[in-house]
Every structure is written in C-alpha cells, then in structure tokens.
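Structure record follows, encoded as structure tokens.
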Amino acid sequence: MASFQSSLTNPKHKRNHTSLEVFPLWNTFKAKNLSFPNKRLSPNLSLKTSSCLSNLDSNNIELQQYDQEEKKPLHEMWREIQGCNNWKGLLDPMDSHLRKEIIRYGEFAQSCYDSFDYDPHSKYCGTCKYQPSHFFDKINMLKKGYEMKRYLYATSNINLPNFFQKSKMSNVWSQHANWMGYVAVATDPEEIKRLGRRDIVVAWRGTVTYLEWIHDLQDILHPAHFRDDPNIKIETGFFDMYTKKENNCHYASFSAREQILAEINRLIEKYQGEELSITITGHSLGAALALLSAYDIAEMKLNILHNGKSITKIIPISVFSFAGPRVGNLKFKERCEELGIKVLRVINVHDKVPTVPGIITNEKFLFQKQLEEKFSFAWSYAHVGAELALDHHRSPFLKPNSDLGCAHNLEAHLHLVDGYHGKVRAFRSATGRDVALVNKDSSFLKEEYGVPPFWWQDENKGMVRTSDGQWVLPERPVIEAHPPDTAHHFQQVLKLARARLNLP
C-alpha cells in the first residue's frame with residue numbers, strides 16, 4: 001500500500017488547473033471512430049489510418065446491424081436498463097440501450113469536472129463556475145432534457161485534504177466548503193417519454209487525474225448510524241465528507257447528507273403520482289459518494305411511498321459508478337442488496353483506485369464473512385453491485401501506458417464503454433463518440449491523432465478585457481447556498497423515517 005501511495009505523488013498525476021473552451025473536433029476523428037474491423041484486436045495491435053479508412057463501409061453496415069438490435073424502445077425496458085435484474089444478459093454482449101445510458105450518466109458526472117473551478121489563483125477556486133440556471137447551457141447539455149434543482153456542497157474541514165481545492169488568495173468565496181455536484185430532474189416532455197419515467201439524477205464530483213486524495217483514505221471503518229445496526233460500516237473519510245458540516249460556513253451549514261435527503265424528499269413530493277426513478281452517478285471519490293447517498297436514501301425509506309396503511313410504490317434507485325473505490329464492509333454490501341439498490345460499477349482493469357481500500361481483505365477473500373462476524377475485523381471492505389470491467393489496451397486510440405492518472409480518467413472510461421461489445425468482441429465505436437474527448441483532462445490519446453492534451457479550458461483562462469484595456473478576472477454572481485426550505489424537508493425525511501421504521 002505504501003508503494004502504491006508513493007507512486008501517486010508523482011507531479012504528472014496533478015491536474016492542469018484549467019477548464020472550458022469550445023475546441024474544434026475534427027471530422028477525421030469521427031471517421032476513425034467508426035473504422036475498426038470486426039475481428040478481435042490484440043492489446044498490442046496498432047491500426048494504421050489507411051487500413052482504418054478502408055474498412056469504413058463494412059463497419060457502417062455493422063453499426064446499422066447493432067442499431068437494429070434495439071428491438072424495444074427504451075421506455076418499454078427502462079427498468080432492466082436501470083438494473084432491476086442486475087443487468088443480467090445486458091453486459092456481454094453489450095445492450096445498445098445500456099451502453100447509451102451508461103455514457104449519458106457518465107456525462108452527467110463529467111459535467112462536474114467541466115464546470116468546476118480548480119484554479120488556485122482564482123478566489124472562486126473550489127466552486128462551480130456557473131449559475132444553476134445556466135449550468136446545462138454553459139456545458140452544452142441543454143439537449144439532455146434535465147433542469148438543475150440544486151447544488152451540493154461539503155465541508156473541506158475533514159481528513160481528506162488532498163481532495164479539496166482551495167484558493168491561494170485571502171478573499172475567497174468560502175474557506176470551509178467545496179462544490180460537490182448537483183441534483184437535476186428530467187423536465188422535457190420528449191425526454192420523459194423516451195425514458196418512460198421522470199428521472200431524478202444526482203451527480204457527484206470526484207477527481208480527474210489528481211489522485212493524492214487516496215493517501216488520506218483510512219482502512220478504519222465507521223458505523224453508518226443511518227439505522228440501528230452498528231455492524232454496517234463505511235470508510236471514515238467518506239462518512240465524514242457526507243455527514244460533517246461547518247456551522248460557521250453558509251455553504252456547509254447543512255451536511256451533504258442533509259442537502260441530498262432534503263432535495264430528494266422535495267422532488268418526490270412535487271412529482272408524487274408520477275413514474276419516478278432515482279439515478280445517482282459519480283467518478284472516483286464521487287462514485288463512493290454516489291453509493292453512500294443511494295444507501296442513505298434507501299435506508300431512510302425515502303423511495304418507499306405509502307398511502308398511510310400500505311406501500312403503494314417503490315421508486316427504483318440505481319447507481320452508475322465510474323472508477324470507484326470500495327466504500328464499506330461486507331455487511332454494508334449485504335444491506336445495499338437487501339434494500340434493492342442497483343449498482344453498476346464501470347472500471348478500467350488497469351486503474352488502481354477500485355482496488356482500495358481493502359487490498360487484502362475484500363469480497364474476493366473466501367473467509368471475509370467469518371472474519372467480520374467472529375472477529376469484528378476492522379479492515380474488511382467489499383464492492384457492491386455488478387461490474388463492467390474494461391481494458392484500455394483494447395482501444396487502438398489509447399497509449400498502452402501504465403500512467404495511473406490516465407487509467408483513472410473518466411472520459412477514457414466513456415471512450416471504452418463506447419467501443420465495448422463484449423469480452424471477446426472487437427473494440428469498435430457504437431455511438432460515434434468523438435475520441436478527442438479523451439484528452440480533455442489527460443494526454444491519453446496516441447500522439448499520431450494530433451489532439452493536444454488537457455485542451456478543455458476557459459478562453460484566456462477566464463480573463464476578460466475591460467473598456468479601458470485592462471485584463472481582469474470578472475466577478476461572479478453570488479450563488480444561493482441552500483434553498484430556504486432545506487431544513488423543513490430534512491425534518492420531513494426524519495419524521496417519515498421514524499414512522500416507517502416504527503421508531504418513537
């Protein structure tokens with residue numbers, strides 16, 4: 001573990017602290033994206049551009065055949081795509097609806113990176129760069145059909161100092177908080193019709209290539225305390241990030257937990273009577289928060305609707321997790337399964353983050369259950385849900401290197417999902433997703449494709465020229481910390497949970 005942690009301190013894993021410019025994406029990449037023959041690729045096989053283009057016609061035919069596999073529209077099978085059968089029969093070969101939905105939810109998680117201010121020279125470092133009402137417009141996601149409902153914050157005064165971003169300036173937006181993600185809901189009628197329900201999505205921010213936060217993960221497990229079972233335990237850093245608050249900070253006056261539960265309760269009340277789903281997504285540490293918040297929502301029985309006497313409906317909760325670490329012990333995994341939480345974990349087999357914590361004692365250890373039950377072993381962790389294991393060596397576009405930051409990158413994961421058709425099937429783009437996106441936050445693409453590394457950034461790094469010719473970083477409008485009814489809805493959550501659990 002020590003050697004792994006020391007390897008993560010390499011400066012090349014630190015993120016380039018810039019983020020959003022419309023970069024020209026070349027048509028040649030779109031052509032190459034559709035240009036791989038239907039034979040299995042060796043991990044070491046590098047296809048030349050000429051041979052790629054010569055197979056373009058045959059692959060267009062193959063892509064049409066894959067499109068024809070969508071025998072049912074999404075609205076008729078959305079529950080299977082959300083994991084009601086644990087994605088049995090949908091992963092190998094990859095179902096075309098599922099692939100598109102994985103990528104779509106991955107893009108919600110990616111939007112947290114594209115909109116986050118990482119720049120330590122900015123007094124807004126650690127916050128979102130855009131007003132909630134402009135968020136999806138600014139990152140070109142208006143066509144998703146969702147409306148922003150609230151931003152999520154967490155206090156940075158906890159023992160994960162290498163994860164949080166802080167400004168070097170003295171006059172900053174907050175000394176004690178970081179923006180962590182958002183809650184949005186499908187509002188476009190056509191999108192709701194396509195999905196077959198109104199979807200509530202929660203997206204959590206994680207890390208792109210800056211991996212030093214993992215040094216601060218402790219193998220120490222903390223009782224969840226979300227129900228009366230001290231044996232359900234969660235990694236201490238994740239628990240603190242999710243539950244701690246800072247009363248002296250307006251943005252962290254409610255914990256991330258209180259914010260998410262209050263907003264989910266508000267939206268369920270607002271759209272009662274409709275077909276709903278709750279989908280939570282995140283990458284890296286954000287994947288851990290996604291699973292933790294899904295567990296909390298289910299444990300508090302927010303997704304169980306009553307008519308006063310009996311259950312009338314259960315809102316499905318699904319997690320699309322990317323490159324996430326383990327979150328809790330085996331008892332936590334078993335409880336998530338009991339609650340009906342569906343988790344699909346998308347990983348790169350060369351990424352080390354999904355192997356921690358619990359390197360020695362984890363779900364692969366034959367006697368894990370006995371260790372936990374008989375000896376209360378404090379360093380036992382288990383992954384939750386189904387796994388989609390991808391291999392970046394299968395993509396002819398990516399460098400076959402061992403750079404931990406590249407292997408962990410979210411855009412690289414989405415690229416791999418786009419080209420994945422099954423364990424023994426060739427890598428081939430199914431959606432035409434532009435490979436240039438891989439280099440937004442990395443330098444993972446082979447140099448022969450000519451895409452600059454770390455190209456996603458603000459024009460002039462956000463500096464604008466005033467009428468008198470001076471270059472300045474403009475002020476940003478103050479963003480509302482929390483809706484005024486947050487306390488009311490969180491108290492409603494506690495009241496409902498006590499009633500449904502028959503507590504005084």
Side-chain angles (χ1 to χ4, degrees), residues 78 81-83 87 97-116 128 135-136 139 141 144-152 154 179-186 191 195 197-208 238 241-242 256 259-260 263-264 267 276-298 303 315-325 327 336 341-348 351 353-354 383-388 390 408-418 433 437 441:
W78 70 267
I81 298 301
Q82 293 292 109
W87 296 281
H97 281 311
L98 178 58
R99 176 189 291 102
K100 292 174 183 176
E101 289 301 280
I102 293 173
I103 292 174
R104 191 171 69 88
Y105 286 115
E107 288 173 344
F108 279 114
Q110 179 65 40
S111 71
C112 294
Y113 295 134
D114 296 343
S115 58
F116 187 68
C128 180
F135 183 89
F136 290 122
I139 56 174
M141 290 180 67
K144 295 289 185 186
Y146 284 69
E147 181 180 310
M148 184 66 68
K149 289 302 178 181
R150 78 171 296 158
Y151 282 172
L152 302 170
W179 180 77
M180 292 302 303
Y182 59 85
V183 183
V185 65
E191 180 65 3
L195 294 173
R197 82 281 185 191
R198 187 185 295 274
D199 184 41
I200 299 169
V201 66
V202 181
W204 289 102
R205 179 178 70 82
T207 52
V208 184
F238 302 152
M241 181 180 289
Y242 187 64
Q259 295 167 52
I260 191 68
E263 188 60 26
I264 294 296
L267 292 174
L276 298 175
S277 64
I278 300 171
T279 311
I280 311 178
T281 186
H283 167 257
S284 189
L285 190 145
L289 292 173
L291 177 57
L292 182 50
S293 53
Y295 162 70
D296 192 14
I297 292 167
N303 66 318
I315 301 171
I317 301 175
S318 305
V319 177
F320 288 88
S321 159
F322 299 88
V327 174
C336 286
I341 301 166
K342 303 302 179 181
V343 182
L344 181 59
R345 296 185 301 105
V346 181
I347 68 162
N348 179 354
D351 181 15
V353 172
H383 272 307
V384 180
E387 179 180 272
L388 174 59
L390 307 170
H408 188 59
N409 186 271
L410 177 54
E411 279 290 0
H413 280 69
L414 301 185
H415 166 72
L416 295 176
V417 173
D418 177 44
R433 184 176 177 81
L437 294 170
D441 304 294

For [X] versus [Y], what's the shortest heavy-atom pair and its separation?
X: Leu291; Y: Cys336; result: CD1-SG, 4.3 Å
X: His408; Y: Ser284; result: NE2-OG, 2.8 Å
X: Leu414; Y: Ile102; result: CD2-O, 4.4 Å
X: Val185; Y: Lys149; result: CG1-CE, 3.3 Å
X: Leu276; Y: Arg197; result: C-CG, 4.2 Å
X: Tyr242; Y: Ser293; result: OH-CA, 3.5 Å

Backbone N/O of [Y] and side chain of [X]: donor-acceptor pair under 3.5 Å:
X: Arg198; Y: Ala186; result: yes
X: Arg205; Y: Trp179; result: yes
X: Thr281; Y: Ala109; result: no
X: His383; Y: Pro354; result: yes
X: Trp204; Y: His283; result: no

Roughly how far, to the nearest 0.5 Å, is [atom2] of [Y] from [atom1] of [X]?
X: Ile200; Y: Ile264; atom1: CD1; atom2: CD1; answer: 5.0 Å
X: Met148; Y: Met141; atom1: CE; atom2: CE; answer: 8.5 Å
X: Thr279; Y: Gln82; atom1: OG1; atom2: CD; answer: 4.0 Å
X: Trp87; Y: Glu387; atom1: CH2; atom2: CD; answer: 12.5 Å
X: Asn348; Y: Phe322; atom1: CG; atom2: CZ; answer: 13.0 Å
X: Leu292; Y: Leu285; atom1: CG; atom2: CG; answer: 10.0 Å

(Q) Test of understanding: with side-chain hydrogen bond (donor to acceptor under 3.5 Å, both in side chains), list the residues that count as partners of Asn303, not counting sequence neighbours. (A) none
Contact between [X] and [Y] at the side-chain level, heavy atoms closer than 4.5 Å - yes or no?
X: Val202; Y: Leu152; answer: yes
X: Val327; Y: Val384; answer: no
X: Ile280; Y: Ile297; answer: yes

Q | Results of ring pair (Phe, Tyr, Trp, His ring centres under 6.0 Å) for Tyr182 - residues two or more places apart only | A | Phe135, Phe136
Q: Output all residues satisfying ring pair (Phe, Tyr, Trp, His ring centres under 6.0 Å) with Phe238, sequence neighbours left out; order by chain, then residue number.
A: none
Q) Between Ile103 and Asp418, is a side-chain contact (heavy atoms from CB on, under 4.5 Å) present by the stated rule, with each step listed? A) CA-CA 7 Å; Ile103 292 174; Asp418 177 44; 4.0 Å; yes
(Q) I'd like to know whether Met180 forms a side-chain contact (heavy atoms from CB on, under 4.5 Å) with Met241, so could you lay out the CA-CA distance, the side-chain angles of the two residues, the decisive distance to 0.1 Å, and finally the verdict. (A) CA-CA 10 Å; Met180 292 302 303; Met241 181 180 289; 3.9 Å; yes
**Q.** Ring centers of Phe320, Phe108 separated by less than 6.0 Å
**A.** no
Q. Is any side-chain N of the basic residue among Glu101 and Arg104 closer than 4.0 Å to the acidic one's carboxylate O?
A. yes
